[in-house]
There are 2 protein chains.
Amino acid sequence: MSGAWHPGDRVPAEHELMVEFDCSRMTVNRALSALADAGFVERRRRAGTVVARPRRQMAAIEIPDIEAQVEAAGARYRLETLSVDRIDGAAAPAVARLEGAAEVLAIVCRHHGDGVFALEERWINLDAVPRAAGVDFGRVAPGRWLLDYVPWTEGDYRIAAVAADPRLTVPADTPCLSFERWTSRGGQTITYVRQVFPGGFALTAGGSG
Amino acid sequence: MSGAWHPGDRVPAEHELMVEFDCSRMTVNRALSALADAGFVERRRRAGTVVARPRRQMAAIEIPDIEAQVEAAGARYRLETLSVDRIDGAAAPAVARLEGAAEVLAIVCRHHGDGVFALEERWINLDAVPRAAGVDFGRVAPGRWLLDYVPWTEGDYRIAAVAADPRLTVPADTPCLSFERWTSRGGQTITYVRQVFPGGFALTAGGSG
DNA sequence: TAGTGGTCTAGACCACAGC
DNA sequence: CTGTGGTCTAGACCACTAG
């Protein structure tokens, strides 16, 4: 972190650090493995450990659900559900990647804080989450419900700037942030959501390189 | 990952798993610690290990530099540097958080791929990176140079949608993605950058919850 | 083929926090 | 007080790969 070691520099071998720090090889290995996981060094058998050449920037972002975002901004949250429909999987838009699903729940809602905070269009795979059919999404936001009740293992995200959607009731020339997310578990898509935020929001993140 | 264990469920203690899987406690501990680091379980002394209640969505995003993005899209990259100025730290915009710096390098450039890809405004703290004063930023993009030569330990990011900047030479009503980044090491701000992309770009990410 | 990291073991002592 | 996880040790065998 001080920058004293430069990318490509050789890090002493485990047995040398073991002597230098008077500890066992297991302890050295755990430390170096942690550095390797964090991307600070690269390790290869026989070749040894070298300071990593940062090739890309990595960051861990934390995505609070919308209700938490609104409340963090000091406003009171209100959900307005525009429609909830049970449709055939083939009727879902292709972008949702839900072609294989027999039944899909299609939800459109608005999140309000101090004004309209976000528009959300969501498709839930009822084959993967049958319980969702019995939930009153007029009262609980789909994102919150899924977060609480449906574990997931893979997520894909896409962030882009788009023009305002008329359903946001903001001036048509307001630049908006589009946040898309595909959530799946074991290769099966659980839900696809597209959220549109007027103006944007902050993603706090950390990282190193 | 199968969802068979629900949030709050108790995970067997290390000595039980040791018997079940016929391995040493160290091995069990490493597995459970990895699961805890990944956020799948929570561990507390005496209380034991339980399946975590996902409270928020976390994702690790990978941010390639612009040159790599352009080339990944199949276009040829070209850098156009509009201005490079050595200024007083006090003259940098407050948002750059560079008030303490004696000297700052202010750079404005355009990244071209198939058309204008991005506009970049960057401020580099010359107190922290004196070598930057000798670099020809008309030939090498500041982001690429910094990535190669300046290690960093903390990064903050902000993503928002904004109107088009005239310097992007795209229609004024084109929604654009603004990507801001503060990079620091040991509490000292190294660089602040604001990049504006017409339309947006994809951030591929992974995560679990 | 020898040097390096990857991983496991059996045992130990300790810190912490429910009971 | 006691059950739990946190961490360390000394030693071992193995996998990979650069020279």
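Residue numbers start from 1 in every chain, and the chains themselves are labelled A, B, ... in the order their sequence lines are given, proteins ahead of strands.
- Residues satisfying the side-chain contact (heavy atoms from CB on, under 4.5 Å) criterion with E16(A), sequence neighbours excluded, are P12(A), A13(A).
- Stem list for DNA chain D (at least 3 consecutive Watson-Crick or G-U pairs, distances under 3.5 Å): C:1-18 with D:1-18.
- One can place CZ of R43(B) at 18 Å from P of dA15(C), the figure rounded to the nearest angstrom.
- Note: CE (M26(A)) to P (dT7(D)) measures 12 Å, nearest angstrom.
- To the nearest angstrom, P of dC8(D) lies 13 Å from CG of D22(A).
- With I124(A) as the partner, the side-chain contact (heavy atoms from CB on, under 4.5 Å) test is satisfied by one option alone out of V150(A), T189(A), L146(A): L146(A).
- Surrounding CG of D22(B) are at most 12 heavy atoms belonging to other residues, nucleotides or ligands under 6.0 Å away.
- The residues E14(A) and R43(A) are annotated as salt-bridged, a charged nitrogen and a carboxylate oxygen being separated by less than 4.0 angstrom.
- Taking both residues in full, the closest heavy atoms of R122(A) and T191(A) are given as NH1-OG1, 3.2 Å, listed atom of the first, atom of the second, then distance.
- Heavy atoms of other residues, nucleotides or ligands lying less than 6.0 angstrom from CG of D136(A) number more than 12.
- Residues from residues 8-19 of chain B with heavy atoms under 4.0 angstrom of DNA chain C: there are none.
- Counting all heavy atoms, side chain and backbone alike, G113(A) lies closest to V70(A) at CA-CG1, 3.6 Å.
- D127(A) places a side-chain N or O within 3.5 Å of a backbone atom of A102(A) that can act as its donor or acceptor partner.
- The minimum heavy-atom distance between R53(B) and G8(B), with the atom names listed, is NH2-CA, 3.7 Å.
- With sequence neighbours left out, R44(A) forms a side-chain contact (heavy atoms from CB on, under 4.5 Å) with A47(A).
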Go along nucleotides 13-19 of chain D 5' to 3' and tag each nucleotide: B for a protein heavy atom under 4.0 Å from its base, S when only backbone or sugar atoms are that close, - otherwise. --BBBBS

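- Contact between the side-chain N/O atoms of T27(B) and the OP1/OP2 oxygens of dT9(C) is found at a separation under 4.0 Å.
- For T49(A) and dG5(C), the shortest distance from a side-chain N or O to OP1 or OP2 is below 4.0 Å.
- Residue N29(B) places no side-chain N or O under 4.0 Å from the OP1 or OP2 atom of dG5(D).
- Here dG5(C) presents its P atom at 17 Å from CZ of R30(A), a figure rounded to the nearest Å.
- For residues 82-102 of chain B, every residue pair satisfying the side-chain hydrogen bond (donor to acceptor under 3.5 Å, both in side chains) rule, not counting sequence neighbours, is listed here: R86(B)-E103(B).
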